[in-house]
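These figures come from a predicted structure and were not determined experimentally.
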Amino acid sequence: MPHTLPHAIARVSAMPVRSHDFESAFSAARHAAQTAVASAAATETLPEWNLTDLYAAMDAPELAADIAKADAECTAFEEAYKGKLAAMLAAPGAGAALAEAVKRYEAVDDLLGRIASYGSLIYAGDTSDPARAKFYGDIQEKLTDSSTHLLFFTLELNRLDDAALEAAMADPALGHYRPWIEDLRKDKPYQLDDKIEQLFHEKSSPSRSAWSRLFDETISSLRFNVDGQELAIEPTLNLMQDPKEEVRRTAGLALADTFSKNLRLFTLVTNTLAKDKEISDRWRGFPDVASSRHLANRVEKEVVDAMVSSIREAYPRLSHRYYALKARWFGKDKLEFWDRNAPLPKVESRDIGWGEAKDTVLTAYGNFSPKMADIARTFFDKSWIDAPVRPGKSPGAFAHPTVPSAHPYVLLNYQGKPRDVMTLAHELGHGVHQVLAARQGALMAPTPLTLAETASVFGEMLTFRKLLDSAENPRMRKIMLAQKVEDMINTVVRQTAFYTFERNVHSERRQGELTSEKIGEIWMQVQSESLGPAIHLGAGYETFWTYIPHFIHSPFYVYAYAFGDCLVNSLYAVYEKASDGFAERYLEMLAAGGTKHHAELLAPFGLDARDPAFWQTGLNLIDRMISELESMEG
């Protein structure tokens, strides 16, 4: 969607949660449980975030004052500038005058974002609490109403004469905002008349946002009968990594049973949001179902198409080959869907305490760059992380950037699994990126998803390499390589399949409403293609599309994971060949925030995402890891 919304509001309302590894990008954080877990992690005191850096409480006078201030400033901004930008551009000193307007817009954007971030984080802490849900809903409505007064600004900026605006940017004050202005003007072909933009904006809270909230609250309220015990979704998903096959089977069937009972609701939500997107795309003139996401990611369709084509062609030598290998390890011709992420047979697993997880990630970061480790350590020292499992807590994991005048926060659901350590590394990668980019300000700190996921996956890679280097014996190395290959398949292959699924659903929806059976048919087709013949997709699996939050909150977000993983593999190859000065260049890339296109950011590393060979570098790394595992088969 074009940047008609203030960045902070748009960023918070579309904030994705790193969802369950079993059906989503990463297996790492999905072990959130809403019941206590008997593990080493459960015996420790896990950190909870301190949101007082934003506001002291939901009823804090400072929050009420800021809400009133934001509303007044939005109204005053509209009165000061609406309908006047063209005249300002034609007057002497246009650059300085427009720069002052943009600076004022940025300040109110930061304030709105601070309020929105607090509402979002409070709600994430317990989505089942009616008081928090009401607070979150009220915040969204108030900020939507206030920010309506700002809509005109970017629309008017994009109507200004190109040559005159270019001349005005010769003034350093306005030139500072050149990346934002040039980025904004890419939206120009898709923006609508002011009144229509206002209508879309005001309806966003009771329409798309409301349906997304219904999805969240439904997922949090679902219960799954596992051997007579009623569990929430996260502990049930966690059981699909249990060493005992019968436990995995029971959990998988329990998930399928509950999803099936709620299929009508999830089908309605999916149909409604797909139609809502189709209406918006049609009015804006987007040529393809994913065009708005490509625009938001500032990545060309041709680049995404080349990536997807390369990955789909690689399915047989990656996922098909690995799962056939894993089936042999289990002594089977095929694995059931509940066995896909099962731990290797005859492998003793151990819980990893929070202190060990912290030390592992910080050491890995520090070996790469002391500065990177110092930033990450701040998250622990200043209570910017919320790690425990709690009833009603948002599932999965995320790093919320909030706004540059504050700092990011990380949410985890830590249960002491090895993959939870990788999730910590992943989210801290986001967090470090967000801290470094904050210097660009509220308008230019936000980063396209493709590059945002690069920072997080690179953090994982650093941690994995440290753990792999410390592997005590070949058996341990095999276990770690297998786990990493599975994570990379979940990130690259699975997310590409998810993208294909979304494309098919949104394309089919344009012909009419989809039945649950039709959506399930699309799901099974893309899963079969991506996972291959060694995975048996039995009855019930056709419902497993229902709980993926990315499909609801951020259509077509998922390919950013594959983009980020392949990019990190290429970056890491450069690092291994020439590490001198690499860390400094890498941190500078993160610090650029949204001020540079991916081609410009990658140039210092000799990489070009438009080159088909670029994607093969990342895929070949996975291929080589599978080859090493095959050599260990005996």
Side-chain angles (χ1 to χ4, degrees), residues 3 7 10-11 14-16 18 25-26 179-180 182-183 186 290 292-304 306-308 369 372 375 398-401 404 408 425-462 491-492 495-496 499 550 554 556-575 582-611 614-615 617-618:
H3 294 319
H7 278 270
R11 183 168 64 250
M15 184 186 63
R18 184 186 187 192
F26 301 97
W180 177 73
E182 291 182 344
D183 212 31
K186 294 175 184 175
S292 59
R293 176 60 62 197
H294 301 332
L295 180 67
N297 284 346
R298 297 312 187 224
V299 62
E300 299 77 15
K301 180 178 183 296
E302 294 72 24
V303 172
V304 178
M307 178 192 74
V308 171
S369 164
M372 190 172 176
I375 295 172
F398 61 72
H400 193 313
H426 178 99
E427 300 305 339
L428 284 175
H430 278 307
V432 169
H433 189 185
Q434 291 157 359
V435 169
L436 288 169
R439 73 185 192 188
Q440 303 295 346
L443 299 183
M444 295 183 291
T447 307
L449 298 177
T450 44
L451 293 170
E453 290 304 334
T454 297
S456 55
V457 177
F458 195 84
E460 283 192 80
M461 179 63 83
L462 291 174
T491 305
V492 175
Q495 296 312 301
T496 300
Y499 175 65
H550 300 76
S554 307
F556 303 106
Y557 179 107
V558 290
Y559 76 73
Y561 287 122
F563 193 108
D565 198 277
C566 289
L567 175 53
V568 163
N569 290 342
S570 296
L571 274 174
Y572 205 86
V574 174
Y575 171 54
F582 182 94
E584 291 74 14
R585 282 179 287 154
Y586 174 75
L587 294 182
E588 278 302 307
M589 180 181 79
L590 300 189
T595 64
K596 296 180 180 180
H597 185 265
H598 65 79
E600 189 179 358
L601 289 171
L602 294 178
F605 304 96
L607 299 173
D608 184 356
R610 294 165 297 189
D611 182 354
F614 172 84
W615 303 110
T617 301

Next on the checklist: Going by salt bridge (charged side-chain N to carboxylate O under 4.0 Å, His left out), name the residues that satisfy it together with Arg585, two or more places apart in sequence or in a different chain.
Outcome noted: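 Once residues adjacent in sequence are excluded, Arg585 has no partner under the salt bridge (charged side-chain N to carboxylate O under 4.0 Å, His left out) criterion.
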Distance-minimising heavy-atom pair for [X] and [Y]:
X	Y	answer
Pro448	Ala296	CB-O, 4.2 Å
Pro404	Ala445	CG-CB, 4.3 Å
Ala437	Gly593	CB-CA, 3.7 Å
Pro408	Gln434	CB-OE1, 3.2 Å
Thr447	Ala452	CG2-N, 3.9 Å
Trp615	Ala609	NE1-O, 3.2 Å

Calculate, to the nearest 0.5 Å, the distance between atoms [atom1] and [atom2] belonging to [X] and [Y] respectively.
X	Y	atom1	atom2	answer
Glu460	Asp565	CD	CG	8.0 Å
Lys301	Leu295	NZ	CG	14.5 Å
Leu451	Leu567	CG	CG	7.0 Å
Ile375	His433	CD1	NE2	11.0 Å
Leu607	Leu571	CG	CG	5.5 Å
Ser369	Leu462	OG	CG	9.5 Å

Next on the checklist: Can you confirm whether Thr454 sits close enough to Thr450 that some side-chain heavy atom of one is under 4.5 Å from a side-chain heavy atom of the other?
Outcome noted: no
Next on the checklist: Are Met307 and Phe614 packed together at the side-chain level, in the sense that at least one heavy-atom pair is separated by less than 4.5 angstrom?
Outcome noted: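 Counting from C-beta outward, Met307 and Phe614 never come under 4.5 Å.
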Next on the checklist: Donor-acceptor pair, distance only, cut-off 3.5 Å: does the side chain of Arg298 make one with the backbone of Asp183?
Outcome noted: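 Pair found, side chain donor or acceptor close to backbone of Asp183.
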Item to check | Exam field: side chain Asn297 to backbone Val299, donor-acceptor pair closer than 3.5 Å | outcome: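 The answer is no, because no donor-acceptor pair under 3.5 Å joins these two groups.
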Checklist entry - Picking from Leu449, Val558, Val304, what satisfies side chain to side chain contact (heavy atoms under 4.5 Å, CB included) with Arg293? => result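 Checked Leu449, Val558, Val304 against Arg293; only one passes side chain to side chain contact (heavy atoms under 4.5 Å, CB included): Leu449.
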Checklist entry - What's the verdict on side chain to side chain contact (heavy atoms under 4.5 Å, CB included) for Glu453 and His430, showing C-alpha distance, side-chain angles and the deciding distance? => result CA-CA 7 Å; Glu453 290 304 334; His430 278 307; 3.4 Å; yes
Next on the checklist: Less than 4.0 angstrom from a charged side-chain N to a carboxylate O is my criterion; do Lys186 and Glu300 meet it?
Outcome noted: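 No.
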Next on the checklist: Does the plane of the ring in Tyr586 sit parallel, tilted or perpendicular to the ring in Phe582? Use 30° and 60° as the thresholds.
Outcome noted: parallel
Item to check | Stepwise side chain to side chain contact (heavy atoms under 4.5 Å, CB included) check, Thr496 with Tyr559 | outcome: CA-CA 6 Å; Thr496 300; Tyr559 76 73; over 6 Å; no
Next on the checklist: Can you confirm if the aromatic rings of His426 and Phe458 lie within a centre distance of less than 6.0 Å?
Outcome noted: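 Ring centres of His426 and Phe458 not closer than 6.0 Å.
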Checklist entry - Given the rule in the side chain to side chain contact (heavy atoms under 4.5 Å, CB included) test, do Asn569 and Met461 qualify, once you have shown the distances and angles that lead to the verdict? => result CA-CA 8 Å; Asn569 290 342; Met461 179 63 83; 3.3 Å; yes
Checklist entry - Yes or no on side chain to side chain contact (heavy atoms under 4.5 Å, CB included) for His294 and Phe556, after CA distance, side-chain angles and deciding distance? => result CA-CA 9 Å; His294 301 332; Phe556 303 106; over 6 Å; no
Checklist entry - Can you find a side-chain donor-acceptor pair between Gln495 and Tyr557 that sits under 3.5 Å? => result no
Checklist entry - Just checking, is any N or O donor in the side chain of His550 or Tyr561 under 3.5 Å from an acceptor N or O on the other one? => result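 Side chains of His550 and Tyr561: pair found under 3.5 Å.
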